[in-house]
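The analysis underlying the following values was restricted to heavy atoms, covering all of them including side chains, and did not include hydrogens, waters or symmetry mates. In what follows, chains are A, B, ... by sequence order, proteins preceding strands, each numbered from 1.
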There are 2 protein chains.
Amino acid sequence: MSDSDPSARDAEYLAKLQDYYASWKSIPSYAALCEVFGIASKSWVKAILDRLEKAGFVERTPDGMWIPSRQFFARPFAESAVQAGMPVAVSETQGDYFVIDEMLIDKPSTTTMIPVKGDSMIDAGIREGDIAVVEKRNLANIGDIVVAIVDNEFTLKTLDKERGQYILRPANPAFPVIRPQGTLEIFGVLVGLIRKYK
Amino acid sequence: MSDSDPSARDAEYLAKLQDYYASWKSIPSYAALCEVFGIASKSWVKAILDRLEKAGFVERTPDGMWIPSRQFFARPFAESAVQAGMPVAVSETQGDYFVIDEMLIDKPSTTTMIPVKGDSMIDAGIREGDIAVVEKRNLANIGDIVVAIVDNEFTLKTLDKERGQYILRPANPAFPVIRPQGTLEIFGVLVGLIRKYK
DNA sequence: TTGACAGCAGAACGCTCGTTCTTTAGGATG
DNA sequence: CATCCTAAAGAACGAGCGTTCTGCTGTCAA
């Protein structure tokens with residue numbers, strides 16, 4: 001799971017750090033960490049962080065600032081899974097952030113959310129009412145699901161190429177393939193999907 | 001939405017800060033922010049942050065450290081759907097903002113994420129590799145998609161009733177309906193779905 | 001053509017931060 | 001009972017940090 005598991009004591013320190021980060025969304029200075037950890041010496045705080053770094057829970061920016069690593073956010077939902085014999089490997093899920101946001105969105109400033117209408121992509125598992133997470137850019141690869149602008153309308157389709165021409169392929173046999181004349185304007189690329197039940 | 005909307009320029013600065021935070025998970029020093037913002041003066045960085053604070057995007061800890069606020073993580077949500085005609089760029093429209101986590105997760109303590117395996121629910125738009133957001137409880141309604149424990153394995157199916165008996169119905173004709181003998185153990189109810197492309 | 005202001009650069013300063021080194025107290029080991 | 005080791009405390013220090021002030025442009029309105 002990690003390079004080297006932290007000791008029981010370090011695990012406590014880690015928990016306190018995680019709690020602090022959860023409410024402040026930043027790692028404080030050594031002085032402030034003294035209070036958080038309940039100890040009095042800055043040097044020991046550094047020693048703790050150094051160990052947590054070795055264990056893979058925190059990292060440093062190029063300019064020496066402490067930041068949480070992927071592992072820092074890993075959630076132990078493994079326990080419930082293990083006991084029931086879940087068929088999915090636990091290791092696969094370990095690194096994922098419980099805060100979905102971080103998982104889905106790499107570039108917040110160019111990412112937007114668009115509700116999906118219609119069922120033209122139903123065979124791709126995209127249904128009406130789903131929310132498409134779209135990264136705005138005008139370059140896409142063949143096979144990407146893109147949001148394209150066709151006749152002043154947004155449409156969600158798979159980008160494909162046919163005889164040297166870009167086409168937009170729906171994932172529903174009831175819908176026609178769109179063959180845009182002239183240039184094809186791409187608004188963004190689908191990077192995620194969110195669905196809320198009930 | 002916010003106390004006062006940031007100017008166009010400040011919005012750019014905010015975007016850069018959000019992107020930086022997305023990859024480093026911390027707000028850097030003024031000196032480092034100079035590089036991020038592409039400016040040369042620390043005092044101007046402070047002026048920018050002061051304005052972003054007024055607009056409600058960043059806050060300060062009691063010891064003066066800059067931290068992101070809730071608004072910082074809000075995502076733009078397009079008003080119109082993907083296929084509803086809309087010539088205006090989505091970024092321009094004054095849509096809603098929301099935080100994905102808050103939207104999907106009502107009860108953090110009882111909500112867990114389980115990767116989906118297999119394609120037994122493909123007709124419900126649930127595909128292998130999707131992540132199911134599951135609220136842990138043992139009561140569900142007919143028609144709910146539930147995570148049930150059958151033969152010590154987790155399985156995702158629609159809960160139904162047949163001749164007074166609870167059954168688990170897959171959304172794929174290739175899979176059989178599960179008719180558990182005795183009691184049916186329900187682990188939780190599907191409240192959301194997340195998919196990441198690429 | 002003057003002035004006001006927005007947008008930024010640059011310097012100056014005191015204080016805090018991270019780092020390193022030394023010391024200490026208690027437990028385990030032998 | 002000597003000696004390790006762990007878990008801290010504490011001091012000392014220089015670099016870097018945030019803050020404040022002043023200066024320098026360009027723009028626009030009067």
Engineer: Could you label the plane-to-plane angle of the A:Y21 and A:F72 rings as parallel, tilted or perpendicular, counting under 30° as parallel and over 60° as perpendicular?
Structural biologist: perpendicular

Engineer: Other residues, nucleotides and ligands only: do more than 12 of their heavy atoms fall within 6.0 Å of NZ on A:K196?
Structural biologist: yes

Engineer: Do other residues, nucleotides or ligands put more than 12 heavy atoms under 6.0 Å from B:Y166 OH?
Structural biologist: no

Engineer: Is it the case that more than 12 heavy atoms not belonging to B:E128 sit under 6.0 Å from its CD atom?
Structural biologist: yes

Engineer: Please give, in whole Å, the distance from D:dG18 C1' to B:W66 CH2?
Structural biologist: 11 Å

Engineer: Give the rounded distance in Å between these two atoms: CD1 of A:I27 and P of C:dC17.
Structural biologist: 16 Å

Engineer: Over all strands shown, is B:F37 touching base, sugar-phosphate only, or nothing at heavy-atom distances under 4.0 angstrom?
Structural biologist: nothing

Engineer: Could you please name the option among D:dG10, D:dA7, C:dA12 that lies closest to any side-chain atom of A:W44?
Structural biologist: D:dA7

Engineer: Can you tell me how far C1' of C:dA11 sits from OH of B:Y30, to the nearest Å?
Structural biologist: 17 Å

Engineer: Find the distance B:I48:CD1 to D:dG18:P and express it as a whole number of Å.
Structural biologist: 14 Å

Engineer: Report the nucleotide, chosen from D:dT20, C:dT19, C:dC17, that has the shortest atom-to-atom distance to any side-chain atom of A:A31.
Structural biologist: C:dC17

Engineer: Choosing from D:dG18, C:dG10, D:dA9, which nucleotide comes nearest the side chain of B:R60?
Structural biologist: D:dG18

Engineer: Between the base of D:dG18 and the side chain of B:K42, is one N or O donor paired with an acceptor at under 3.5 angstrom?
Structural biologist: yes

Engineer: Between C:dA12 atom C1' and B:K46 atom NZ, what is the distance in whole Å?
Structural biologist: 16 Å

Engineer: Given the structure, check if the side chain of A:S29 and the base of C:dG18 hold any donor-acceptor pair shorter than 3.5 Å.
Structural biologist: no

Engineer: Measure the distance from CZ on A:R51 to P on D:dA8 and round it to the nearest whole Å.
Structural biologist: 8 Å

Engineer: With nearest nucleotides of DNA chain C determined for B:A40 and B:D63 from heavy-atom distances, which residue corresponds to the more 5′ nucleotide?
Structural biologist: B:A40

Engineer: Between C:dG10 and B:S43, counting only base atoms on the nucleotide and side-chain atoms on the residue, is there a donor-acceptor pair under 3.5 Å?
Structural biologist: yes

Engineer: With distance as the sole test, does A:R179 use its side chain to make a donor-acceptor pair with the main-chain N or O of A:L168 at under 3.5 Å?
Structural biologist: no

Engineer: For A:L33 and D:dA8, what is the distance between atoms CG and C1' respectively, to the nearest whole Å?
Structural biologist: 16 Å

